Amino acid sequence: MAWSSLKALRENPDLLRDSLKKRYKPTKLVDRALELDIRWREAITRINKLRERRNEINKEIPKSKNEEREKLIDESKGLGIKIKNLENTMKTLSEERDRILASLPSIIHESVPEGPDETYNVPIRFWGIPKVLRSKLDKFREETKGFDVEHMILDWEPKGHADQLEIILRQGDTIKAADLSGKRFFYLFKDIVWLEHALIMFALDHITSKGFIPVIPPYMLRRKYYLGVTDLETFEDSIYKIEGEDLYLIATSEHPLIAMHAGDTFREEELPRLYVGVSPCFRKEAGTHGKDTKGIFRVHQFNKVEQVVYSKPEESWEWHERLIKNAEELYQALEIPYRIVNIAAGDLGAPAAKKYDLEAWFPAQGRYRELVSCSNCVDWQSYRLRIKLDRKGRREFVHTLNSTALATTRTICAILENHQREDGTVKIPKILRKYLKIFEAAPKEEIIPLKEKPLKE
RNA sequence: GCCGGGGUGCCCUAGCCCGGUAGGGGGCUGGCCUGGAGAGCCAGUGGCCCAUUGGGCCGCGAGGGUUCGAAUCCCUCCCCCGGCGCCA
């Protein structure tokens, strides 16, 4: 064990306690870990003394003979038993201590708003001119409180993304998918397939142009690496296991992109390290029953382009801002109005010290919904996976950050609502044209409702 | 999946058969030397514990076992290389 949590535990346990309080989590564990650590240190000191003595004896054994030799061997055996016993107590102590340390969340950043849940999230900026239904004006004012957001009143009622996809455009089918695979699965057809591919290419193109290295990662990880990258709670609520094997389907390419450097030591000039992952994401969505049951907003499987940064500790907050800006550029280009929200302490996952969400405006729902999540995990992941920074003899842990660039299904939902016209067609954002024109069968300007479904009705 | 060979510190490599202080080279960092650089020479270059200088323990892919003592012997697993098989 080294550094960060352990160091904080020994040198400044109040730092851990305060952070836990802000997250509305109990602080008892800190005291327990502190006590275990003290006892562990006593035990290891005693063991080291015994081991030293045994090593001395063992050195004498080859030089001695007959009775003296027998005597030494006996003494060494006796020490061996004592050592083994102490090692067992020590192991028990360190295991419990480490289990507690591993369960402790990141120490939150001072700019994170306090509060127990998402109602305490703080919007920090708005972009675009949202289309607001007259009937949803109150909700809009509530969601933009404190900001004077320029908006446009809609006099016709746009369809929700789910109905737009399945009933109007007839290019998606979650009913059929539910028969075969269950709820939260989907078929997408025709223009939506081209749209999906264009979105991925656009996001990849934009992010790689900023120096990010594109990566297709493994879609499964071993448990050991999975727990290096996320906390148990998330793990259990969202990760699918491969039966009979120590393998888990990834919930985001962030996970294999971070585990990729487990055990590595970066030299200072090798940082920052920028990656952009493209992969499917698999999520159980346990505990979300009843939420977003229609359409493809919340599904078990989707494709995502993801930004990942390894940075020097002192530069990570700057990178956090840059990552969210990169994501914003994508949604500005797609002409989707959005707001950036600073997530409250109580709503933060364990790895993150601070998180921004980018939430797109959904006219039919009259609310902003999460499309992007951008976190600074500081040294939480790097500590567990031993990803270090070599600083002239001193060792530090790098900081890791991740941010969605673009998740296809949710972005499609946002396009279907925001670019919907009264006649049921959907305007395709201009930025996507160059990624569509290479395909003969792809739509270029707009998506038009099909006369009949691709599937039997 | 089967057979064979391998995994040693940041990198390469010796040691393994036959158990007894992990050796050499390269790189990097610092120092000496130099007008400056290079060469050369010296030292440092994994983790942990105690401590004032300093001392000690652990560490040879991972975990277990045998032994007074394991890089070395035994078992299980992971990964890499070669061959065979299967396969989009």
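Residue numbering restarts at 1 for every chain, and letters A, B, ... go by the order of the sequence lines. Scope of the values below: all heavy atoms of this structure, side chains included, with no hydrogens, waters or symmetry mates. Predicted model, so just to flag it, every value in this text is computed and none were measured.
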What is the distance, to the nearest angstrom, from the [atom1] atom on [X] to the [atom2] atom on [N]?
X        : N     : atom1 : atom2 : answer
A:Lys7   : B:G47 : NZ    : C1'   : 16 Å
A:Leu221 : B:C79 : CG    : P     : 13 Å
A:Ile44  : B:G56 : CD1   : C1'   : 11 Å
A:Leu50  : B:C68 : CG    : P     : 18 Å
A:Asn48  : B:C50 : CG    : C1'   : 9 Å
A:Asn58  : B:A70 : CG    : P     : 8 Å
A:Lys82  : B:C68 : NZ    : C1'   : 15 Å
A:Met90  : B:C50 : CE    : C1'   : 15 Å

[X] vs [N]: side-chain N/O to OP1/OP2 distance below 4.0 Å:
X        : N     : answer
A:Arg39  : B:C49 : no
A:Arg54  : B:C68 : no
A:Arg222 : B:C79 : yes

Can you check the distance between [N] and [M], where both ends of the measurement are the [atom1] atom (answer in whole Å)?
N     : M     : atom1 : value
B:G44 : B:G25 : P     : 13 Å
B:C57 : B:C79 : P     : 36 Å
B:C80 : B:U29 : C1'   : 31 Å
B:G56 : B:U8  : P     : 28 Å
B:A14 : B:C32 : C1'   : 31 Å
B:A62 : B:C78 : C1'   : 7 Å
B:G4  : B:U76 : P     : 13 Å
B:G46 : B:G82 : C1'   : 32 Å

For the side chain of [X], starting at C-beta, report the closest nucleotide among [options].
X       : options             : answer
A:Trp40 : B:C68, B:C48, B:G47 : B:C48
A:Glu52 : B:G47, B:C57, B:G64 : B:C57
A:Arg51 : B:C57, B:C49, B:G20 : B:C57

At under 4.0 Å between heavy atoms, what does [X] touch on the DNA or RNA strands: base, sugar-phosphate, or nothing?
X        : result
A:Asn55  : sugar-phosphate
A:Ile61  : base
A:Arg223 : nothing

What does [N] pair with, Watson-Crick or G-U, if both distances are under 3.5 Å?
N     : value
B:G36 : none
B:A43 : B:U29
B:C48 : B:G56
B:C84 : B:G1
B:G19 : none

- Item | Any side-chain donor near an acceptor of the partner, A:His197 and A:Tyr435, under 3.5 Å |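 No - no donor-acceptor pair under 3.5 Å links their side chains.
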- Message: If I take atom CZ from residue A:Phe297 and atom CD from residue A:Glu417, how far apart are they, to the nearest 0.5 angstrom?
- Response: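 If we round to the nearest 0.5 Å, A:Phe297:CZ and A:Glu417:CD are 9.5 Å apart.
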- How many angstroms lie between NZ in A:Lys355 and NE2 in A:His320, if you round to the nearest 0.5 Å?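 Result: 9.5 Å between the selected atoms.
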- Using the side-chain hydrogen bond (donor to acceptor under 3.5 Å, both in side chains) rule, take A:Thr27 and A:Lys21 through it: C-alpha gap first, then chi angles, then the decisive distance, then the call. CA-CA 7 Å; A:Thr27 60; A:Lys21 276 182 206 151; 5.9 Å; no
- Hey, which sits more toward the 5' end of RNA chain B by its nearest nucleotide, A:Pro62 or A:Glu42?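 Mapping each residue to its closest nucleotide by heavy atoms, the 5'-most match is A:Pro62.
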- Are A:Val215 and A:Val308 close enough that some pair of their side-chain heavy atoms sits under 4.5 Å apart?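 Contact flag for A:Val215/A:Val308 side chains = no.
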- Flag the pair A:Leu29 / A:Leu20 as yes when at least one side-chain heavy-atom distance between them is below 4.5 Å, and no otherwise.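 In short, these two side chains do not touch, never coming nearer than 4.5 Å.
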- Out of A:Tyr219, A:Tyr225, A:Phe282, A:Phe235, which one pairs with A:Tyr248 under the ring pair (Phe, Tyr, Trp, His ring centres under 6.0 Å) rule?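 Exactly one pass, corresponding to A:Phe235.
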